[in-house]
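Can you read through this structure? Questions will come right after.
Bear in mind that the values here come from a model prediction, so they are computed numbers and not experimental data. Positions are given from 1, in the same order as the sequence printed here. Every number for a ligand or one of its atoms is a count from 1 in the order of the listing.
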Amino acid sequence: MERPPIIMTNTLLFALSGLTALIAVPWYGLSHGYDLWQWSCFLLLFCYCGISITAGYHRLWSHKAYKAHPILQWFFAIGGALALQNSVLHWSSDHRRHHRHVDDNQQDPYSAGRGFWYSHIGWMLREYQRERYHDYSNVRDLQSNPIVAFQHKHYLALTLATNIGIPLLLGLVHGDLLGMLLLAGVLRMVMTHHTTFFINSLAHIWGNQPFTDRNSARDNGILAFFTFGEGYHNFHHLFENDYRNGIRWWQYDPTKWLIRSAAWCGLARDLRSCPEERIEQARLEMQLKRAKAKLRKEEDRELWQALLQEEYDKLSQQIQHYYASRKRLLEQRKRTALARYDRLKLQLEYRNLRDGFIASKRNWSRLLAGIA
Ligand SMILES: [Zn+2]
Ligand SMILES: [Zn+2]
């Protein structure tokens, strides 16, 4: 089959910037050296680009996981242009299609099923889906956003002004113009590109699947570290409108922390998060599925399966009851007029359910360990 034509702009951009980062940046470092000032500018701009993509392009505009004040939207729209990953409109259209048709080699723009190279960068080097390049039918809601529309209309000017202007200005202030252009300009752009691209490639290949195996997305703490928290991709593909990707407090997700901090300052509101019982239930289902698969060779397979199913059903029910009771308890705190007797009754009910739930979870873990 004939391969689609090469997109020259993208190919030249990725090749030249990549080669410069690989050859010229270390060469200049060895011959002239970089100082702390230059490394700080590199890091600051890298973080600005990265967070604009994750908190802006991805969670705000592609998934509508929260609402943002125009100041924050401008901040992300400029940072996204600096990241050189196309306009919000284009990026979000591709990304919504990716979620809708994940792993479908024809419809998913960067389907992991077509291999590492294709999902990482190959999909942008040739005109694989030319017919839908200007089809924005899945981002109509974003077209009516004046900031998104402005950024789309003036994308080229914005991206040139930020990518050349900011490193140039910093270089003039610093004194070493070439060094700053290489570090805060080229290396920063290449690093931003590839860390984002890793989410489409590596995060669909390397890691665990604690929530679902119906698609190739994985959770990977190492990737999360380099991608401002986006490495928890298995969770994200199942609960895509949640403003968090790493749901545990200790999971490294600076994008989630930034959104929450913005909400405290009044710059973000209506943060969406999935009910905990649904998350627990998804995790439980995956554990049951894995345990059943392990039982295939077991002699008393049917007995084990019955025991597993029994414990699973019990725990599923407890998840529903426990979280419903917790919700009732939280609501009653707002109703100060509630009688003392009713309040105590709710508290006792909650504690009983919680203790039962914890005990069942322990039993379930023991059973899973027994099977392993
Ligand atoms: Zn994905
Ligand atoms: Zn997404």
So, of the N/O/S atoms that His63 has, which is the nearest one to the Zn ion (ligand 2)?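 This turns out to be NE2.
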At the Zn ion (ligand 2), what angle lies between atom NE2 of His95 and atom NE2 of His236, rounded to 10 degrees?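 NE2 of His95 and NE2 of His236 make an angle of 160° at the Zn ion (ligand 2), to the nearest 10°.
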With the Zn ion (ligand 1) at the centre, find the angle made by NE2 from His237 and NE2 from His233, to 10°.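 Roughly 90°, rounded to 10°.
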Aromatic ring proximity Tyr136/His152, centre distance under 6.0 Å: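 Distance test on ring centres: under 6.0 Å, yes.
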With distance as the sole criterion, is a donor-acceptor pair present between the side chains of Ser119 and Asn200 under 3.5 Å?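 Ser119 vs Asn200: no donor-acceptor pair found between side chains.
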Just by distance, do the side chain of Asn10 and the backbone of Leu125 share a donor-acceptor pair under 3.5 Å?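 No, the answer is negative, given that no donor and acceptor are paired below the 3.5 Å cut-off.
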Quick check on the Zn ion (ligand 1): does His99 put an N/O/S atom closer than 2.8 Å to it?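 False for His99.
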Is there an N/O/S atom in His58 at a distance below 2.8 Å from the Zn ion (ligand 2)?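 Looking at His58, which is the residue asked about, there is an N, O or S atom under 2.8 Å from the Zn ion (ligand 2).
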Can you give me the NE2-the Zn ion (ligand 1)-NE2 angle for His204 and His98, to 10°?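 About 100° at the Zn ion (ligand 1).
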Between Phe150 and His154, is the ring centre distance below 6.0 Å?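 When the ring centroids of Phe150 and His154 are compared, they turn out to be within the sub-6.0 Å range.
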Between His237 and Asn215, is there a side-chain donor-acceptor contact under 3.5 Å, judged purely by atom types and distance?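 No.
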